Novice: 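Take a look at this one; I'll ask things after.
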Amino acid sequence: MDGMVIEEEDDCPELVPIVTTLGPGEQIPVTIISGYLGAGKTTLLNYILTEQHTKRIAVILNEFGEGSALEKSLAVSQAGELYEEWLELSNGCLCCSVKDNGLKAIENLMEKKGKFDYILLETTGLADPGAVASMFWVDAELGSDIYLDGIVTVIDAKYGLKQLTEEKADGLVNEAARQIAVADLTIINKTDLVNEEELAQIREAVRSVNGLVKILESQKSRVDLSEVLDLHSFDSTNGAHLAEKLQLVKDSRPHLDKSILTVTFEVAGDLCEDALNIFIQDLLWEKMFKNKEGQPMTVIRLKGIVSFAGKAHQVMLQGVHELYDLNETPQLWEENLRINRLVFIGRNLDKNILQEQFISKVLEGANAN
Ligand SMILES: Nc1nc2c(ncn2[C@@H]2O[C@H](COP(=O)(O)OP(=O)(O)OP(=O)(O)O)[C@@H](O)[C@H]2O)c(=O)[nH]1
Ligand SMILES: [Zn+2]
């Protein structure tokens with residue numbers, strides 16, 4: 001090796017060309033499993049692995065090891081058999097680690113072990129699942145083999161309420177509330193530890209944060225897996241299902257002080273597509289909208305079905321943090337029944353202000369400019 005420059009061993013898993021053996025539409029779903037410390041995430045993973053025998057499932061666990069080193073375990077399960085591979089990641093921050101290395105690590109593993117049918121990703125208890133979700137979402141646009149199927153948040157029936165009401169310094173968003181805000185499905189676990197009244201309280205608190213989320217209850221994270229896997233939460237071919245759901249959403253009562261909550265409204269008519277993009281960007285990126293107290297509205301999750309002038313099909317709107325997407329669904333509008341429905345989950349949201357802005361800026365014909 002005389003005279004040769006030896007490159008430092010990189011912490012990054014080696015780069016592997018992505019050989020796509022999957023046909024179109026054969027992408028692999030990723031379900032993100034989030035939840036506060038000790039809520040029952042690993043218990044849920046283990047339950048899925050023992051119950052689900054027909055799928056080859058890859059599990060990504062993120063646990064903090066000694067010091068700042070994060071050890072990342074990749075395990076593959078088939079018919080309940082587990083084998084593991086360890087990846088050392090230099091970065092203590094999950095979302096950054098995943099952003100830089102995670103997808104490559106998954107693709108790398110698939111190279112070596114063959115394709116999986118499903119990927120489960122357990123985030124650490126304090127992680128923001130929205131940040132992890134965004135990473136898969138961005139990649140989906142780059143034509144990845146992997147797509148985000150849904151975000152599942154496990155909640156501790158006994159301590160969940162306390163975790164939700166914990167005040168954060170400097171106006172930071174409570175992590176437990178954030179995890180519920182971005183979830184497609186929540187599982188209130190450890191129901192054996194509470195009575196009916198306590199269970200009703202936590203259920204109500206979850207609903208007050210996220211008016212759209214499905215709520216299951218469990219002991220030892222035992223839930224019907226058909227309610228957890230293959231949710232297709234972000235799939236525009238699922239537009240009819242979302243449209244139905246949006247009709248049932250109600251504004252949530254602020255349950256907790258300064259909390260995250262859900263607001264929803266519907267407006268009949270056609271929208272201007274460019275104006276909608278500007279409205280969403282002003283809201284998500286520029287944080288231009290303020291509530292009556294002058295605090296900027298922060299949207300964590302956004303969903304909607306909207307109607308564009310001249311388009312026969314319904315369009316699905318999806319947003320997580322600062323990312324959003326508009327996709328045409330297979331659903332056709334019924335003439336004269338074009339009703340835009342939007343649901344916003346976040347902080348400092350003022351429904352009336354949002355709705356007024358939406359009508360004056362985005363609705364065709366109502367435009368004052
Ligand atoms: N009583 C009771 N205990 C449970 C239930 N589900 C899980 N546990 C226990 O709660 C503890 C935490 O469960 P985990 O599945 O490790 O929780 P986790 O969310 O993965 O925890 P972290 O990864 O440390 O954040 C374990 O001791 C479980 O056995 C339940 O339904 N009832
Ligand atoms: Zn765990």
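Order of listing sets the numbers, starting from 1, for every ligand and every atom in it. Since the model is a prediction, treat every value here as computed from it, not as a measurement.
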Novice: Under 3.5 Å, N or O to N or O, is Ala39 touching ligand 1 that way?
Specialist: yes
Novice: List in chain and number order the residues that pass ring-ring contact (aromatic ring centres under 6.0 Å, His included) with Phe308, two or more places apart in sequence or in another chain; answer none if no residue qualifies.
Specialist: none
Novice: Does the side chain of Tyr147 pick up a donor-acceptor pair with the side chain of Asp235 at under 3.5 Å?
Specialist: no
Novice: Got a second to check how far Gln357's CD is from Ile359's CD1, nearest 0.5 Å?
Specialist: 10.5 Å
Novice: Closer than 2.8 Å to the Zn ion (ligand 2): does that hold for any N, O or S atom in Thr42?
Specialist: yes
Novice: With the Zn ion (ligand 2) as the reference point, give the N/O/S atom of Glu122 that is nearest.
Specialist: OE2
Novice: Near Leu193, which atoms of ligand 1 are under 4.0 Å from a heavy atom of that residue?
Specialist: 1 (N)
Novice: So, is Gly38 polar-close to ligand 1, with some N/O to N/O distance under 3.5 Å?
Specialist: yes
Novice: Applying a heavy-atom cut-off of 4.0 Å, say which part of Asp192 lies close to ligand 1: side chain, backbone, both or neither.
Specialist: side chain
Novice: Could you check Asn340 against Ser307 for side-chain hydrogen bond (donor to acceptor under 3.5 Å, both in side chains), going step by step and ending with a plain yes or no?
Specialist: CA-CA 6 Å; Asn340 304 277; Ser307 162; 4.9 Å; no
Novice: Looking only at heavy atoms, is any part of Thr191 under 4.0 Å from ligand 1, and if so is it the side chain, the backbone, or both, or is it neither?
Specialist: neither
Novice: Between Thr262 and Asn210, do the side chains contain an N or O donor and an N or O acceptor separated by less than 3.5 Å?
Specialist: no
Novice: Test your reading of the structure: does Ser218 have an N or O sitting under 3.5 Å from an N or O of ligand 1?
Specialist: no
Novice: Does the side chain of Leu317 reach to within under 4.5 Å of the side chain of Ile280, using non-hydrogen atoms?
Specialist: yes
Novice: Between Thr153 and Thr186, is any side-chain donor less than 3.5 angstrom from a side-chain acceptor?
Specialist: no
Novice: May I ask you to list the atoms of ligand 1 that are less than 4.0 angstrom from any heavy atom of Thr42?
Specialist: 15 (O), 16 (O), 18 (P), 20 (O)
Novice: Check each atom of ligand 1 against the heavy atoms of Glu122 and keep those under 4.0 Å away; list them by number with element.
Specialist: 20 (O), 23 (O)
Novice: Does Gly40 come within less than 4.0 Å of ligand 1, judged by its heavy atoms?
Specialist: yes
Novice: Does Ser221 reach ligand 1 with a nitrogen or oxygen that is under 3.5 Å from one of the ligand's nitrogen or oxygen atoms?
Specialist: no
Novice: Using a 3.5 Å cut-off on N or O atoms only, is Leu37 in polar contact with ligand 1?
Specialist: no
Novice: Is any side-chain N of the basic residue among Arg203 and Glu217 closer than 4.0 Å to the acidic one's carboxylate O?
Specialist: yes
Novice: Do any N/O atoms on Asn189 end up under 3.5 angstrom from N/O atoms on ligand 1?
Specialist: yes
Novice: Check whether any side-chain heavy atom of Val263 lies under 4.5 Å from a side-chain heavy atom of Phe265, and answer yes or no.
Specialist: no
